[in-house]
Every structure is written in C-alpha cells, then in structure tokens.
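What follows is one structure encoded as structure tokens, with my remarks underneath.
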Amino acid sequence: MPSDQSTWLISVPQGHDPLGIVQKVANKLTTQAKLPPRNIATLTIPTFKTGTLDSLIALSEELPKQESFFTAAVAKSVETLRNLLNNDPSKLAQHILIDEKSVDAYVLGGWKWKDVRYDTQKSLKELVALLNSEMTAIDNALKAKLNNYNLVKGSLTQMQRKKTGNLSVRSLADVVSKDDFIHDSEYLETLLVAVPKSLNKDWNTSYERISPMVVPRTSSLLASDDEYSLFSVVVFKRVHDEFVQKCRDRKFIVRDFVYSEEEIARQQQELDVAGTTEKELWTELLGFARTNFSESFQILVHLKVIRLFVESVLRYGLPAEYVGLAIKPESKNAKKVFNILQTQFAYLSSKSNPNQSGKSSKDEEFAGEYQTIMDQDFFDFILYEVPWITT
C-alpha cells in the first residue's frame with residue numbers, strides 16, 4: 001500500500017468516458033471514504049511521443065534514479081528554509097509556495113503540463129534530460145550559496161563565541177578597560193588571572209608569593225561570573241613565564257591578553273561586518289531557497305507525470321491516452337481510499353498482471369528480456385507518490 005504521507009498520482013486508460021471515470025472515483029471516495037472533495041483532482045497527462053519500446057524500457061529503468069535525486073533536491077530546499085526560519089512551522093508555510101500557491105493548491109488545483117517550457121513535441125528522453133539539467137543547476141546553485149552562507153555564519157559564530165563562556169575562556173576586550181593596566185613601563189606589566197571562585201581566598205592570601213618579583217598589594221578584582229573571578233596583578237616582566245607556570249600549578253589561569261585599543265576596535269569592526277554580511281546573506285539565501293523550492297517541486301511533479309505516462313504505455317499499450325488523478329489521502333482513511341481504488345480499477349487486472357496465462361511465445365521472449373522490470377509488484381492502476389516533503 002502506498003504511504004499515507006504523500007499525494008498519490010494515478011493513471012488509468014482513458015476509455016470511452018474519461019470524465020465518467022473521474023466522477024465515479026470522486027463520488028466513491030467522498031461518500032465511502034469521507035475524503036474531502038478538495039483532496040481529489042484531475043491530473044492532465046499529456047500525450048507525449050512514445051518512441052520505441054526499447055527507449056521506454058530504458059526510461060523505466062532510469063526514471064526512479066532521477067526521481068530520487070529530484071526528491072532529495074526539493075527536500076534540501078525545504079531543509080534550508082526550515083533551518084533559516086529556526087524550524088518555525090508558521091513561517092515555513094509562508095515560504096513553501098509554488099508561484100505563490102500552496103503545494104496542495106498546485107497539485108490538486110487542476111495541474112497542467114508546462115508546455116511552453118517543456119515542449120511535448122520533444123522526445124521523452126529529451127524532456128527528461130531537460131528536467132535533469134534544470135534540477136542539477138538548481139541543486140548546484142543552492143549548494144554554492146548555502147556553503148557561502150555557512151562560512152560567514154561560522155565565522156560570525158566563532159567571533160560571538162569569544163564573547164561568551166566563562167572568564168577563563170571568553171574575550172576580555174569588553175570586560176577590562178585601559179585604566180586596569182600599567183602602560184609604557186620598561187620593567188612592569190599587568191597580568192589578568194582567572195581564578196576559580198572556590199579558590200578566591202587562596203589567591204588573595206598567596207598571590208604575592210606565587211613567584212618572586214610580584215608587586216605587593218596590586219591584586220584587584222575586575223569581574224566575576226558563576227565560575228571564575230578575574231583579578232589583575234602587577235609583576236616584573238622578567239618573571240612572566242615563571243609566574244604563569246606557578247599559577248597553572250595552583251589552578252589559576254593567566255589569560256593571554258594584551259590591552260590594545262586598536263586591536264579591540266579592529267575586533268569590534270570585524271564582528272560588525274560579519275554580522276551585517278550574515279544578515280544580508282541570510283536574506284539572499286532565504287529568497288533563493290524559496291524560489292528554488294517552487295522551481296524544483298514543479299520539476300519533480302513534471303518528472304513524475306512522465307513516469308506515469310511511460311509506465312502506462314508499457315502497461316496498457318496504445319493509444320497513449322490516459323486519465324490522471326491526484327489524490328491526497330488522510331491518515332485515518334488512506335487504507336479505505338486505496339481499497340476503493342483497487343475495487344474501482346479491478347477491471348484492469350488482466351492488463352496489469354505480467355504473469356497472466358495465455359501468453360504467446362513472443363510474449364514469453366519479451367518477458368525474459370525484461371524480467372527484472374516485469375517482476376515488480378504492480379497495482380491494477382499506475383500510482384506514484386509525491387511525498388509530503390514540507391511536513
């Protein structure tokens with residue numbers, strides 16, 4: 001049974017009363033399965049150039065691979081939008097549109113083939129190649145823009161991370177000021193030490209003796225957080241390395257920080273530029289992914305309609321005239337909908353069973369050559385699914 005998390009595209013031979021077929025199915029689905037009428041629509045399947053049997057068989061083998069690629073490309077656009085919008089369903093719904101219409105409105109609103117863009121006078125192979133070329137271009141362009149955005153966002157995140165965390169790791173540029181340091185001294189320097197709060201008393205009673213040449217009574221508390229206190233202390237430059245090592249032994253962390261107004265200004269400017277660039281690229285990527293979704297989803301549906309046609313010709317033969325239906329089941333009634341379809345199209349069983357009796361030797365030879373395809377499970381009608389990628 002097909003998934004109840006997809007819209008079903010169905011094809012059956014047209015017969016003498018195509019409108020009657022659609023009406024009968026719609027009536028039974030609405031009355032017996034309680035499916036809303038809006039969930040059932042006619043799907044116009046063009047009359048393509050059928051080509052040779054070998055070319056149809058080749059397409060039948062190729063199309064599932066293309067379909068997987070197309071579906072993944074559409075899903076990538078959706079996932080990009082979802083990430084950009086922080087997984088907000090209401091905002092996502094505003095961007096998952098096809099020519100400003102919802103997915104349901106596009107598929108179930110009287111779908112028609114875009115003949116101006118995809119000329120049905122071309123061969124099926126040419127049409128598939130055109131669709132594949134467009135989808136590949138869309139997918140590659142999205143990858144490039146997404147990679148560019150991620151690089152900038154990653155750089156911005158790295159800069160912002162330096163401004164977060166505890167005092168043992170975060171940037172101190174916005175924590176300390178010029179007045180906290182000794183400047184232009186040939187012999188002395190100010191060091192910043194992150195001390196675990198549980199060791200504050202130990203620091204205050206012992207910092208002067210941690211190493212020689214620590215200037216007495218120069219320790220000053222500059223800042224604190226939940227984990228660390230940040231102290232400044234003045235030492236002679238010549239004992240810098242020894243002081244750092246002795247602090248490390250006591251679990252005091254000497255921060256590698258040299259106060260420079262120019263460096264602080266440069267870092268802030270870089271952060272501002274990165275933030276502005278990230279916002280600009282976010283907006284650009286959002287619009288691009290929205291457009292990509294619209295384009296790629298349409299391409300996916302066009303490919304599925306080609307697959308419906310190819311399999312219909314292989315199953316039912318000529319004339320290549322078929323009735324198409326688009327049905328969106330609901331989880332509560334999907335099984336009922338499927339059973340109604342099976343019953344309604346049971347008369348196609350003789351055309352759908354590749355192992356029927358009474359085959360000629362020519363039929364058996366054909367079956368032997370294409371046994372892999374003919375061994376697949378079939379319904380009595382052709383059905384392919386458009387997964388609900390947007391949910």
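Side-chain contact annotation: N166 with S168, donor-acceptor N/O pair under 3.5 Å present. No side-chain donor from either of S3 and Q5 sits under 3.5 Å from a side-chain acceptor of the other. Under the 3.5 Å distance criterion, with hydrogens and angles disregarded, a donor-acceptor pair is assigned to the side chains of Q245 and R248. W388 and T7 form a side-chain donor-acceptor contact under 3.5 Å, judged by distance and modelled atom types alone. No donor-acceptor contact under 3.5 angstrom links the side chains of N292 and S77, judged on distance only. Defined by atom type and a distance below 3.5 Å, a donor-acceptor pair is missing between the side-chain atoms of E321 and T47.
Residues meeting the ring-ring contact (aromatic ring centres under 6.0 Å, His included) test with F345, sequence neighbours left out: F381.
Remark: the backbone N or O of L146 is paired with a side-chain donor or acceptor of N150 at under 3.5 angstrom. Of the possible donor and acceptor atoms, one in the side chain of D180 sits under 3.5 Å from a partner among the backbone N and O of S177. Checking side-chain atoms of N86 against main-chain N and O of D88 turns up no donor-acceptor pair under 3.5 Å. A donor-acceptor pair under 3.5 Å is absent between the side-chain atoms of K49 and the main chain of T120, judged by distance alone. Remark: side-chain polar atoms of E208 are paired, donor with acceptor, to backbone N or O of R217 under 3.5 angstrom. R255 places a side-chain N or O within donor-acceptor distance of the main-chain N or O of R170, the cut-off being under 3.5 Å. The closest donor-acceptor contact from the side chain of Y259 to the backbone of I182 lies at 3.5 Å or more, if one exists at all. A donor-acceptor pair under 3.5 Å links the side-chain atoms of T157 to the main chain of K153, judged by distance alone. Side-chain atoms of N204 come within 3.5 Å of backbone N or O of N200 as a donor-acceptor pair. Remark: the backbone N or O of S232 is not paired with any side-chain donor or acceptor of S220 at under 3.5 angstrom.
Just one residue in the list L191, V234, V235 forms a side chain to side chain contact (heavy atoms under 4.5 Å, CB included) with V214, and that residue is V235. Between F309 and the options T50, L59, L314, I382, a side chain to side chain contact (heavy atoms under 4.5 Å, CB included) holds for only T50.
Taken to the nearest 0.5 Å, the OG1 atom of T291 stands 7.5 Å off from the CD atom of E295. Between K328 atom NZ and I40 atom CD1 the span is 13.0 Å, to the nearest 0.5 Å. Note: K122 NZ to F48 CZ = 13.0 Å, rounded to the nearest 0.5 Å. To the nearest 0.5 Å, atoms CD (Q14) and CD1 (I45) are separated by 10.0 Å.
In this structure, R117 places its CZ atom where more than 12 heavy-atom neighbours from other residues, nucleotides or ligands lie under 6.0 Å away. Other residues, nucleotides and ligands contribute only 12 or fewer heavy atoms inside 6.0 Å of the NZ atom of K251. Around the CG atom of D256, the shell of radius 6.0 Å holds no more than 12 heavy atoms that belong to other residues, nucleotides or ligands. The neighbour count for D226 CG, taken as heavy atoms of other residues, nucleotides or ligands under 6.0 Å away, does not exceed 12.
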Would you mind writing out the side-chain donor-acceptor pairs for residues 93-103 within the sub-3.5 Å range, not counting sequence neighbours?
unit_1: H95; atom_1: ND1; unit_2: R290; atom_2: NH1; d: 3.3
unit_1: E100; atom_1: OE1; unit_2: R290; atom_2: NH2; d: 2.9
unit_1: E100; atom_1: OE2; unit_2: R290; atom_2: NH2; d: 3.1
unit_1: S102; atom_1: OG; unit_2: A105; atom_2: N; d: 3.1

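Aromatic ring pairs are classed by plane angle as parallel below 30°, tilted from 30° to 60° and perpendicular above 60°; the pair W113 and H302 is tilted. By the 30° and 60° cut-offs, the orientation of the rings of F338 relative to F379 is perpendicular.
Within the 4.5 Å cutoff, the side chain of M135 has no heavy atoms near those of the L131 side chain. A heavy-atom distance below 4.5 Å is found between the side chains of W203 and F252. Put simply, the side chain of F231 does not reach to within 4.5 Å of the side chain of L222, judged on heavy atoms. Annotation: side chain of L271 is in contact with side chain of Q160 (closest heavy-atom distance under 4.5 Å). At least one side-chain heavy atom of P13 sits under 4.5 Å from a side-chain heavy atom of L348. You'll find the side chain of V195 stays beyond 4.5 Å of the side chain of Y228, heavy atoms only.
When hydrophobic clusters are built by joining Ile, Leu, Val, Met, Phe, Trp and Tyr residues whose side-chain heavy atoms come closer than 4.5 Å, directly or via intermediates, I10 is grouped together with I340.
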* Given the rule in the side chain to side chain contact (heavy atoms under 4.5 Å, CB included) test, do N147 and L151 qualify, once you have shown the distances and angles that lead to the verdict? -> CA-CA 6 Å; N147 287 340; L151 284 173; 5.5 Å; no

